[in-house]
Amino acid sequence: MLKTLTCADQALDIVTPQIMGILNVTPDSFSDGGKFTQINAALFQVEQMIIDGAKIIDIGGESTRPGAKDVSEKDEISRVIPVLKAIKQRFEIIVSIDTSKAGVMSEAIANGAGMINDVRALQNEGCLAIVSQCELPVCLMHMQGQPRTMQTSPQYHNLIDDIKTFFKQRINQCEQIGINKQRLILDPGFGFGKTLTQNYQLLAHFADFQCLGLPLLAGLSRKSMIGNLLSRDVDQRLAGSITTAILAAQQGAKIIRVHDVKETMDALKIIDAVAVQA
Ligand code: 9MG
């Protein structure tokens, strides 16, 4: 299994799980209400996440929560690229771009992005071609349906097998266009077209995806699967978020995508201290 990902000008050690800090620059972002749309506020949040231990900052300009509105490519570029540039000017940190649009990917690659995070797994027009022209790692996430309707009635023949089949197909497509398998990261997509039960089934079987031989990413932070199980509003999901992050890390997640970097880092350090003694 790969020990390092080459993210443009920086290397990411994935021997132990690393934290990806979430930076939403969407006015309708679900957990920060859009207050980080201002560049200075974004930079302040990024600096804090770096101090707290994040090794990647994931910038998203389109909300993917259920029912979220579509954003044009032009608007997404104008939200994301100035923030990417400002971060790269001030900090030595890997910046991942959370987008499904080829034009946004292209601009981000040209402006110093170190990773592409695509919740649509490069299925949108032009994405495979753009990514084939760079060397960056790409996260391919599984989603059934589209954000507007994905929670209506998700159906699987066999949840884990269906997601594995999807990954195998996407890996094939990537390889056919010349994207080296070693650049791929897989994410089963908690909350993206899965019922509450299916989300917990996925977490229980997260380790099953290790058989695909690629680094795994887990994004569970503050999600509805935590809020709905515990009856907690979005600002009351810290304990649930940390617990799910740890369960994913213990099953082989190499990148954990979170809002609460400091608290998740503390939990990962405890796990690491125990692992060293085992
Ligand atoms: C953008 N985004 C929101 N949730 C996510 C998740 O679970 N994984 C990845 N890769 N991206 C996500």
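Everything numeric in this text was worked out from a predicted model, so none of it was measured. Ligands are counted one by one from 1 in listed order, and the atoms in each one are counted from 1 as well.
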Should side-chain heavy atoms under 4.5 Å link Ile, Leu, Val, Met, Phe, Trp and Tyr, which residues sit in the same cluster as M20?
-> L2, L5, L12, I14, I56, I94, M115, I185, L217, I255

Say whether L220 and I246 are linked into one hydrophobic cluster, either directly or through other cluster members, by side-chain heavy-atom distances under 4.5 angstrom.
-> no

For atom 11 (N) of ligand 1, find the nearest protein heavy atom and state the residue, atom name and distance (0.1 Å precision).
-> N117 ND2, 3.1 Å

Give the residue, atom name and distance (to 0.1 Å) of the protein heavy atom nearest atom 3 (C) of ligand 1.
-> R257 NH1, 3.2 Å

Check whether more than 12 heavy atoms from other residues, nucleotides or ligands sit under 6.0 Å from atom NZ of K262, and answer yes or no.
-> no

Does any donor atom in the side chain of E76 or T99 lie under 3.5 Å from an acceptor atom in the other side chain?
-> yes

Distance from atom 4 (N) of ligand 1 to nearest protein heavy atom, with residue and atom | K223 NZ, 3.1 Å

Among D260, D235, D233, whose side chain to side chain donor-acceptor pair (under 3.5 Å) with R222 holds?
-> D260

Relative to ligand 1, is L220 under 4.0 angstrom through side chain, backbone, both or neither, heavy atoms considered?
-> neither

Residue V119 vicinity, atoms of ligand 1 by number, heavy atom under 4.0 Å = 1 (C), 2 (N), 11 (N), 12 (C)

D118 versus S100, side-chain donor and acceptor atoms under 3.5 Å | yes

Looking at side-chain heavy atoms only, is the closest gap between C127 and M105 below 4.5 Å?
-> yes

Per-atom contacts, ligand 1 versus M141 - under 4.0 Å to a heavy atom = 6 (C), 8 (N), 9 (C)

Is there at least one pair of N or O atoms, one from G219 and one from ligand 1, spaced under 3.5 Å apart?
-> yes

For D98, the ligand 1 atoms with a heavy-atom partner under 4.0 Å come out as 1 (C)

Nearest-neighbour protein heavy atom for atom 9 (C) of ligand 1, which is reported as residue plus atom name and distance = D187 OD2, 3.0 Å

